[in-house]
Amino acid sequence: MKKLTRHQMRENAFILVFERIFNDDSPSELLETAKENEELEITPEVEAMFLGVVRYQEPIDELISANLKKWKMERISKVSLAILRLGVYEIVYSDDVEDDIVVSECVKLAGDFAYEEDVSFINGVLGSIVRGIDAAASEMAD
């Protein structure tokens, strides 16, 4: 079994996050089903990303909502919502990848899975979140 790239791990975690939007199964049941079907490679990193999104979904959604301009959460496509949740999780709760790389990777996921107009939307929302975090960190340092 070859090692997954960070992009492949992120893509597999995105698919699980997306699946969870439509499925009432518990996170562990979704992971078990994915492992049994062998359609996705579920590494410990993929599992950690997925479970992180699940664990922090409420504050993640609040942060997304706070950074929407003239939009409501209900209007966001399910694909875009899954990508945004994963991106926000990595930006806020994971320190192993730079924020600009996370945004870039989420934009790439949007290019692969979402509508063309969703790409700039995702870039804008995640960019706004990163700028807000950077501004807050700068204020705390002063």
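These figures come from a predicted structure and were not determined experimentally.
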Is it the case that more than 12 heavy atoms not belonging to E117 sit under 6.0 Å from its CD atom? yes

Quick check: do L16 and V53 have side-chain heavy atoms less than 4.5 Å from each other? no

Might you point out which heavy atoms bring R6 and S94 nearest each other, and give the distance in Å? NH2-OG, 4.4 Å

One should read off an interatomic distance between E47 CD and L51 CG, to the nearest 0.5 angstrom, of 5.5 Å

Under a 4.5 Å side-chain heavy-atom rule over Ile, Leu, Val, Met, Phe, Trp and Tyr, are V107 and Y115 clustered together? no

Residue pair C106 / L84, side-chain heavy-atom distance below 4.5 Å: no

Might you point out which heavy atoms bring R10 and M49 nearest each other, and give the distance in Å? N-CE, 3.8 Å

Euclidean distance, I122 CD1 relative to L109 CG, rounded to 0.5 Å: 8.5 Å

Within a radius of less than 6.0 Å around CD of E98, do more than 12 heavy atoms belonging to other residues, nucleotides or ligands occur? no

Could you check if a side-chain atom of N123 sits within less than 4.5 angstrom of a side-chain atom of V103, using non-hydrogen atoms only? yes

Neighbour count above 12 (heavy atom, 6.0 Å) for R55 CZ: no

Within a 6.0 Å radius of atom CG on D96, are there more than 12 heavy atoms belonging to other residues, nucleotides or ligands? yes

Kindly compute the distance separating CD (E90) from CG (D95), expressed to the nearest 0.5 Å. 11.0 Å

Distance col, row K108:NZ vs I83:CD1, nearest 0.5 angstrom, shows 11.5 Å

side-chain contact (heavy atoms from CB on, under 4.5 Å) with V88: which of N67, I64, V125? I64

Heavy-atom pair with the smallest gap, counting every atom of P27 and V54: CG-CG1, 3.6 Å

Measure the shortest side-chain to side-chain distance between D112 and H7 over non-hydrogen atoms and say whether it is less than 4.5 angstrom. yes

Shortest non-hydrogen contact from M73 toward L68: N-CD1, 3.8 Å

Set out, in order, the CA-CA distance, both residues' side-chain angles and the distance that settles side chain to side chain contact (heavy atoms under 4.5 Å, CB included) for Q57 and Y89, then state yes or no. CA-CA 8 Å; Q57 184 173 317; Y89 167 73; over 6 Å; no

Rounded to the nearest 0.5 Å, what separation is found between the CD1 atom of I15 and the CG atom of L40? 5.0 Å

I133 versus I91: any side-chain heavy-atom pair under 4.5 Å? yes

Minimum-distance pair of heavy atoms, taken over all atoms of A114 and S80: CB-OG, 4.4 Å

Taking L81's backbone N and O only, do any of them form a donor-acceptor pair with R85's side chain (distance below 3.5 Å, no angle check)? no

Nearest heavy-atom pair of V46 and A13: which atoms, and what distance? CG1-N, 3.8 Å

Parallel, tilted or perpendicular: ring planes of F113 versus F14, cut at 30 and 60 degrees: tilted

Quick one: do K35 and E41 make a salt bridge, cutoff under 4.0 Å? no

Do Y93 and I60 have side chains that get closer than 4.5 Å, going by heavy atoms? yes

How long is the straight-line distance from NZ of K78 back to CZ of F18, given to the nearest 0.5 Å? 9.5 Å

I would like to know whether R75 and K70 meet side chain to side chain contact (heavy atoms under 4.5 Å, CB included); could you show each step before the answer? CA-CA 10 Å; R75 287 187 57 208; K70 301 179 186 171; over 6 Å; no

For the residue pair S65 and K72, establish whether any side-chain heavy-atom pair is separated by less than 4.5 Å. no

Quick check on N37: does its CG atom have over 12 non-hydrogen neighbours (other residues, nucleotides or ligands) under 6.0 Å away? yes

With a 3.5 Å cut-off and no angle check, do the side chains of Q8 and T5 form a donor-acceptor pair? yes

Return the orientation label for the W71 and F121 ring planes: parallel under 30°, perpendicular over 60°, tilted otherwise. tilted

